[in-house]
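Chain A is the first sequence line, chain B the second, and so forth, proteins listed ahead of strands; every chain is numbered from 1.
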Amino acid sequence: MLEIYNSLTKSKEEFKPIEEGKIRMYVCGMTVYDYCHIGHARVLVVFDVIVRYLRLLNYEVTYVRNITDIDDKIIVRALENKEDFMLLTERFIKAMHEDCEALNVLPPDIEPRATDSMADIISMISKLEKNGYSYTANNGDVYYDVKKFKEYGKLSGRKLEDQIAGKRVEVDAAKKNPEDFVLWKMAKVDEPSWDSPWGKGRPGWHIECSAMSTQCLGDQFDIHGGGMDLKFPHHENEIAQTEACTGKTSVNYWIHNGFVQVDETKMSKSLGNFFTVREVLKNYRAEEIRYFILNSHYRSPLNYSSDNLDAAKSALANMYNTLRGIKTDKFDGILKNRYSERFVKAMNDDFNTAGAISILFEITHEINRLNSGSKSEAQELAAQLKYLASILGILQEDPEVYLQGGVNALDGLETKEIDKLIQQRIEARISKDFKEADRIRDVLTAKGIVLEDKAGDTIWRKE
RNA sequence: GGCUGGGUGGCAGAGUGGCCAUGCUGCGGAUUGCAAAUCCGUCUACCUCGGUUCGACUCCGGGCCCAGCCUCCA
């Protein structure tokens, strides 16, 4: 039985889909004006694993992850760059897709863009206007009248009267109430704009998600996800918009992942303490980043540090080392035993990937113990290890390639040279010239090559 | 002030009413020409104060501390 922590009810609940065997899921994707940082990577990886796991449970999942390609930040950045905003967003959409591919994040089924959804956005605002939830301020902007939506605050657990308006962001003078938010914003000179019943302008920050999610998934769907920082105001406002339009509960399960922190402080663009995915990829493999993310529960804070990534690196190398030289193709991997049971139990418990990884290590350990004895059992377990790891999107590379490759992969010439030196060392060892053998090993060690002398053979891997 | 999450061994990080997480690192042993890898063993872990209980790190209550949110953020 799958249990999910639902941010809406603040408790773990048994998951029941709206439609038997099917899941409709929406995740807030990127606002594309810069490269993805590790915080974005966390959302991408976490929900990637959630989707993979839901599919494993035989649900037919429709996964929608949007792209917000028009908003204030994009306009500001495009202006700074003296660049058309569309060129800017195209560039970062491409970069995001590259990052996703590197991180082994499977593409969503639908990836709607705000700028392609203008008709839906406008029709939704019209409906809100018709239902009496909006007003046009004297500056021409259309606002959502939060006081009209009785359930406002149900997701974040906030009461309007307890909030300190303008605590961090200045309140717009045109609003009736500080908690109101913009639905349609009038275009200033030289700003990108779309025609609408309220004049040329662009959508406010929250409406695009309400429009795209209902457009792609209907008035009601199962899961809505995103980072913790979106819970308020973004998701609260999405609820206000969608439910004021449809009169129905829009989402059954809200899933929010925790932050990535740097030195115990949230990683964010505004604080400037972020590391982009491509930056980190210069020093670590994508799989190491993925492991690092999945090694803690998705709701916990995750501290970014090179120590933690180094630990991820060692841990993965150990698992690959175990798989090295074991043929797994004879078995399909779908083995039912105490490992698979506990793996599923962990994943069923609100996607406890850290617990699931610990099971992978228990299997690894068992394979190491068996390897000298029962070969076929070791192969069977290795196939299982790979299969279970595939749900987390790790351990899928050829171990040989993985262990000899990496961030600064060697070229063919270098590997030929290594093989030559290893051959020389083997000969030295046969003639008991250990001084020479050690000298050769030292040369390779200095290049970051680690040797392992197996029975009658020597293999190598990168440090 | 209100609202969310959290506080677990050297570090990271799960979990459980009584016994073992797991990973990284350190230490001892086996193995090895020496290593590496692997195996075996090992390091005073559960913020604090009360309560419930035969038994609490785990359940309940009061503190303290950390992070985040209160209309820019994943």
Side-chain angles (χ1 to χ4, degrees), chain A residues 7 10 27-31 36-44 46-47 71-73 76 146 153 155-172 175 178-182 204-206 225-234 236-237 256-261 264-271 274 291-292 295-297 299-303 305 307-308 310-319 321-322 324 342 346 349 352-362 364-365 368-369 371-372 429 432 434 437-438 441 445 450-454 458-461:
Chain A
S7 306
K10 292 159 196 68
V27 171
C28 286
M30 301 311 121
T31 301
C36 293
H37 60 60
I38 298 298
H40 299 118
R42 190 177 195 189
V43 188
L44 293 166
V46 159
F47 286 98
D71 92 321
D72 290 4
K73 297 221 157 180
V76 169
V146 167
L155 176 66
S156 56
R158 278 154 218 262
K159 295 188 181 99
L160 291 177
E161 57 272 23
D162 290 337
Q163 300 303 300
I164 302 174
K167 171 97 178 176
R168 227 182 21 167
V169 177
E170 233 175 286
V171 178
D172 194 327
K175 292 180 185 180
E179 57 274 13
D180 294 344
F181 55 92
V182 73
W205 174 34
H206 316 289
M228 202 81 98
D229 45 0
L230 294 183
K231 195 165 162 187
F232 189 87
H234 185 58
E236 194 69 63
N237 292 353
H256 292 101
N257 66 274
F259 297 123
V260 176
Q261 304 186 342
E264 313 302 318
T265 311
K266 178 187 169 187
M267 178 184 289
S268 79
K269 286 189 185 169
S270 36
L271 289 173
F274 61 91
Y291 179 97
F292 158 70
N295 195 224
S296 69
H297 188 89
R299 282 190 286 124
S300 309
L302 177 59
N303 217 45
S305 72
D307 282 357
N308 289 346
D310 286 342
K313 180 182 170 169
S314 303
L316 271 174
N318 285 347
M319 285 201 267
N321 219 17
T322 291
R324 192 176 197 180
R342 287 167 58 221
D349 181 11
N352 184 353
T353 52
I357 285 176
S358 79
I359 311 295
L360 300 186
F361 275 103
E362 289 181 26
T364 303
H365 202 209
N368 283 336
R369 261 188 307 238
N371 213 358
S372 50
R429 289 182 73 216
K432 303 254 189 262
F434 296 123
D438 290 350
R441 186 167 59 196
T445 306
V450 181
L451 298 187
E452 287 179 34
D453 293 329
K454 300 279 174 190
T458 295
I459 57 173
W460 66 272
R461 66 188 156 83

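- Annotation: of the two residues near RNA chain B, A:C28 and A:R299, the 5′-most nearest-nucleotide partner is A:R299.
- OP1 or OP2 of B:C40 lies within a sub-4.0 Å distance of a side-chain N or O belonging to A:R369.
- A sub-4.0 Å separation between OP1 or OP2 of B:A37 and a side-chain N or O of A:N321 is absent.
- Distance noted for atom P between B:A45 and B:C19: 13 Å (whole Å).
- Among B:A14, B:C39, B:A37, the nucleotide with an atom closest to any side-chain atom of A:N368 is B:C39.
- Between the side chain of A:R441 and the base of B:A35, a donor-acceptor pair under 3.5 Å is found.
- A distance of about 16 Å separates the P atoms of B:U22 and B:U38, rounded to the whole Å.
- Taking the C1' atom of each, B:C57 and B:G7 are spaced 12 Å apart, rounded to whole Å.
- Residue A:N352 has a polar side-chain atom (N or O) positioned under 4.0 Å from OP1 or OP2 of B:G15.
- Between A:F274 and A:H37, the ring-plane angle classifies as tilted under the 30° and 60° cut-offs.
- Nucleotide B:A67 has B:U4 as its partner under the Watson-Crick or G-U criteria, with both atom distances under 3.5 Å.
- Annotation for A:K10: atom NZ counts as buried by contact number, over 12 foreign heavy atoms lying within 6.0 Å.
- We find that CZ of A:R429 is positioned 14 Å from P of B:A36, with the value rounded to whole Å.
- Across all strands shown, B:G23 pairs with B:C11; the Watson-Crick or G-U wobble distances both stay below 3.5 Å.
- Closest non-hydrogen pair, A:L271 versus A:K266, comes out as CD1-O, 3.4 Å.
- The closest donor-acceptor contact from the side chain of A:D453 to the backbone of A:T458 lies at 3.5 Å or more, if one exists at all.
- Atom CZ in A:F292 sits 13.0 Å away from atom CG in A:L316 (nearest 0.5 Å).
- Distance NE2 (A:H297) to P (B:G7): 12 Å, rounded to an integer number of Å.
- When distances run from any side-chain atom of A:S300 to the nucleotides B:U71, B:C34, B:A14, the shortest one goes to B:A14.
- In this structure, A:F181 and A:H206 have perpendicular ring planes: the angle between them is above 60°, well past the 30° mark.
- Under the Watson-Crick or G-U wobble criterion, with both distances below 3.5 Å, B:A56 has no partner in any strand shown.
- Using a 4.0 Å cut-off between charged nitrogen and carboxylate oxygen, A:D438 and A:R441 count as a salt-bridge pair.
- Of all heavy-atom pairs spanning A:Q261 and A:E264, the tightest one is OE1-CA, 3.6 Å.
- Here B:A36 presents its P atom at 16 Å from CZ of A:R324, a figure rounded to the nearest Å.
- When the nucleotides B:U38, B:G2, B:A74 are ranked by their closest atom to the side chain of A:R158, B:G2 comes out on top.
- With B:G13, B:A74, B:G33 as the choices, the nucleotide that has an atom nearest any side-chain atom of A:A354 turns out to be B:G13.
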Below 3.5 Å is the cut-off: list the nitrogen or oxygen pairs between protein and nucleotides 22-31 of chain B, distance only.
unit_1: B:C24; atom_1: OP1; unit_2: A:N318; atom_2: ND2; d: 2.1

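- Side-chain proximity of A:E179 to the nucleotides B:U71, B:G33, B:A74 is greatest for B:U71.
- A 3.5 Å limit on both hydrogen-bonding distances identifies B:A30 as the Watson-Crick or G-U partner of B:U38.
- Contact record, A:H256 with A:G227: CD2-O, 3.5 Å, taken as the closest heavy-atom pair.
- Rounding to whole angstrom units, CG of residue A:D438 and P of B:G33 are separated by 12 Å.
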Enumerate the protein-to-nucleotides 65-67 of chain B contacts in which both atoms are nitrogen or oxygen and the separation is below 3.5 Å.
unit_1: B:A67; atom_1: O2'; unit_2: A:Q261; atom_2: NE2; d: 2.5

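- Here the shortest heavy-atom pairing between A:D349 and A:H297 reads O-CE1, 4.5 Å.
- Nearest to the side-chain atoms of A:N237 among the listed nucleotides B:U71, B:A14, B:U4 stands B:U71.
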